[in-house]
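See below for the structure under consideration.
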Amino acid sequence: MKEFPQLAKEGEITDPVKAVLDKHKVPWLVAAYLADGIRTLEVQKQPVTNQALLLLYNPGGKEHLNNVSTQIKLIKAKYPEI
């Protein structure tokens, strides 16, 4: 919460654990989570790509990346408006 003060100011989040139960607050937490990942990659001088972020939070290697990609395709097929 200290690194991302906008969570409290803009997202009105005071308790991040309880906030995950509120569908209006979850996007703020996801944004902070991804921002932290991007900062980590930048500090490590790594390229910031979708694959790099997937592997950062899902370190299961190529097989896991393929599973995540398959799930994304299934979600997009079922919910094209996303």
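Being a predicted model, the structure only gives us computed values, none of them experimental. Values reported hereafter were calculated over all heavy atoms of this structure, with side chains retained and with hydrogens, waters and symmetry mates removed.
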(request) Could you list all the salt bridge (Lys or Arg N to Asp or Glu O under 4.0 Å) pairs where at least one residue sits in residues 73-82, not counting sequence neighbours? (result) none

(request) Could you name each residue pair satisfying salt bridge (Lys or Arg N to Asp or Glu O under 4.0 Å) that touches residues 6-25, not counting sequence neighbours? (result) none

(message) Using 0.5 Å steps for rounding, measure from the OG atom of S69 to the CD atom of Q51.
(response) 7.5 Å

(request) Sequence neighbours left out, what passes salt bridge (charged side-chain N to carboxylate O under 4.0 Å, His left out) with E63? Give chain and number order. (result) none

(message) Running the 4.5 Å side-chain criterion over Ile, Leu, Val, Met, Phe, Trp and Tyr, what cluster does V68 land in, apart from itself?
(response) L54, L55, L65, I72

Identify all side-chain donor-acceptor contacts of residues 30-50 below 3.5 Å with residues at least two apart in sequence or on another chain.
{"residue": "R39", "atom": "NH1", "partner": "E3", "partner atom": "OE1", "Å": "3.0"}
{"residue": "T40", "atom": "OG1", "partner": "D36", "partner atom": "O", "Å": "2.9"}
{"residue": "T49", "atom": "OG1", "partner": "A52", "partner atom": "N", "Å": "3.0"}

(request) With sequence neighbours excluded, tell me which residues meet side chain to side chain contact (heavy atoms under 4.5 Å, CB included) with L74. (result) T70, Q71

(message) Ignoring hydrogens, what is the shortest heavy-atom contact between A19 and L29? Give both atom names and the distance.
(response) CB-CD1, 3.8 Å

